[in-house]
Amino acid sequence: MKIGDLAKRTGLSTHTLRYYERIGLLPYADRDRSGQRDFDASILTWIEFLGRLKTTGMPIRGMLRYAALRDEGEATGPARRQMLEVHREQVRTQIAELQECLLVLDTKIAGYASDEQRTKENDARPNTRRKPLRSRPAGPVAH
């Protein structure tokens with residue numbers, strides 16, 4: 001698959017794909033007779049995995065380390081597993097922090113909704129208060 005097709009299928013720009021290839025996140029693509037990159041369809045799974053790592057906050061240097069281990073073969077399976085386990089714990093911590101933030105937001109939103117409901121209820125009640133008495137103008141009182 002050509003780089004333009006890969007970009008469309010992954011949502012990444014051709015510039016990003018070339019960059020990933022240059023730094024070693026993607027293996028160098030085979031070239032066709034005209035010298036254009038010709039990616040194998042199996043690259044889609046790898047790019048999707050890299051996207052998940054990026055979304056969960058793994059820095060590029062971590063992804064590069066993982067890619068290098070992957071390139072070394074099956075013997076690095078335990079090291080890759082350990083790396084993913086550490087990252088998983090970081091993601092779980094981040095999720096817990098985000099859930100706490102979400103609770104604060106939900107509480108704030110509920111407070112505003114409650115205030116708005118009270119205002120609507122007060123506005124809907126008939127005004128039963130008596131009008132205030134007018135004050136008399138200051139000055140001499142005529143009898």
Side-chain angles (χ1 to χ4, degrees), residues 1-139 141:
M1 135 182 26
K2 302 296 180 225
I3 196 165
D5 297 329
L6 185 59
K8 286 177 188 168
R9 292 188 65 181
T10 62
L12 298 174
S13 69
T14 57
H15 175 77
T16 298
L17 292 168
R18 286 186 197 102
Y19 171 71
Y20 281 2
E21 184 182 43
R22 188 171 61 251
I23 66 172
L25 273 182
L26 297 181
Y28 285 105
D30 293 332
R31 303 288 177 143
D32 64 13
R33 283 183 246 158
S34 64
Q36 292 184 336
R37 289 171 176 82
D38 191 19
F39 291 94
D40 185 81
S42 64
I43 198 75
L44 292 169
T45 303
W46 175 242
I47 291 172
E48 181 181 353
F49 179 69
L50 290 175
R52 302 261 185 219
L53 293 177
K54 182 179 178 184
T55 297
T56 57
M58 181 178 280
I60 286 184
R61 70 180 174 276
M63 289 188 269
L64 285 168
R65 181 170 172 253
Y66 186 92
L69 289 170
R70 179 178 177 253
D71 288 345
E72 290 178 28
E74 289 183 31
T76 64
R80 286 183 278 157
R81 187 192 78 237
Q82 181 184 16
M83 197 176 161
L84 293 177
E85 287 172 346
V86 168
H87 184 64
R88 178 180 59 192
E89 286 309 308
Q90 292 169 347
V91 170
R92 284 183 173 156
T93 298
Q94 183 181 13
I95 289 171
E97 290 170 359
L98 288 171
Q99 286 177 327
E100 288 176 18
C101 292
L102 187 59
L103 180 59
V104 170
L105 291 172
D106 287 344
T107 302
K108 278 289 204 192
I109 290 167
Y112 287 122
S114 181
D115 289 348
E116 289 171 11
Q117 184 61 35
R118 274 194 302 276
T119 299
K120 285 180 186 176
E121 289 170 2
N122 286 338
D123 289 348
R125 283 191 201 140
N127 191 354
T128 57
R129 292 187 302 164
R130 292 178 20 181
K131 292 183 181 178
L133 297 175
R134 290 187 182 187
S135 58
R136 295 186 183 170
V141 177

Does Arg9, at its CZ atom, have more than 12 non-hydrogen atoms belonging to other residues, nucleotides or ligands within less than 6.0 Å? no
Would you say that more than 12 heavy atoms from the other residues, nucleotides or ligands in this model lie under 6.0 Å from the NZ of Lys2, or not? yes
Nearest 0.5 Å please: distance from the CD1 atom of Ile109 over to the OG atom of Ser114. 13.5 Å
Within a 6.0 Å radius of atom CD on Glu85, are there more than 12 heavy atoms belonging to other residues, nucleotides or ligands? yes
Test Thr56 against every option in His87, Arg88, Gln90 by the side-chain hydrogen bond (donor to acceptor under 3.5 Å, both in side chains) rule and name the one that passes. His87
Under 6.0 Å from the CZ atom of Arg61, do we count more than 12 heavy atoms belonging to anything else shown? no
Counting heavy atoms not belonging to Glu74, are there more than 12 under 6.0 Å from its CD? no
Quick one: OG1 on Thr10 to CD1 on Ile3, what's the gap to the nearest 0.5 Å? 9.0 Å
Distance from Leu64 atom CG to Tyr20 atom OH, nearest 0.5 Å? 9.5 Å
Distance-only donor-acceptor pairs under 3.5 Å for side chains of residues 35-53, two or more places apart:
residue : atom : partner : partner atom : Å
Arg37   : NE   : Glu21   : OE1          : 2.5
Arg37   : NH2  : Glu21   : OE1          : 2.9
Asp38   : OD1  : Met1    : N            : 2.8
Asp40   : OD2  : Ser42   : N            : 2.9
Asp40   : OD2  : Ser42   : OG           : 2.6
Trp46   : NE1  : Leu25   : O            : 2.7
Glu48   : OE2  : Arg52   : NH2          : 3.3

So CZ of Arg18 and CG of Leu26: to nearest 0.5 Å the spacing works out to 12.0 Å
Identify the heavy atoms of Ser13 and Ala7 that sit nearest to each other, and give their distance. C-CB, 4.2 Å
When rounded to the nearest 0.5 angstrom, what is the spacing between CG in Leu69 and CZ in Arg65? 5.5 Å
Check: Thr93 side chain, Glu89 main-chain N or O, donor-acceptor pair, under 3.5 Å: yes
Hey, are the side chains of Tyr66 and Met63 touching, using non-hydrogen atoms and a 4.5 Å cut-off? no
Thr76 side-chain N/O to Ala79 backbone N/O, donor-acceptor pair under 3.5 Å: no
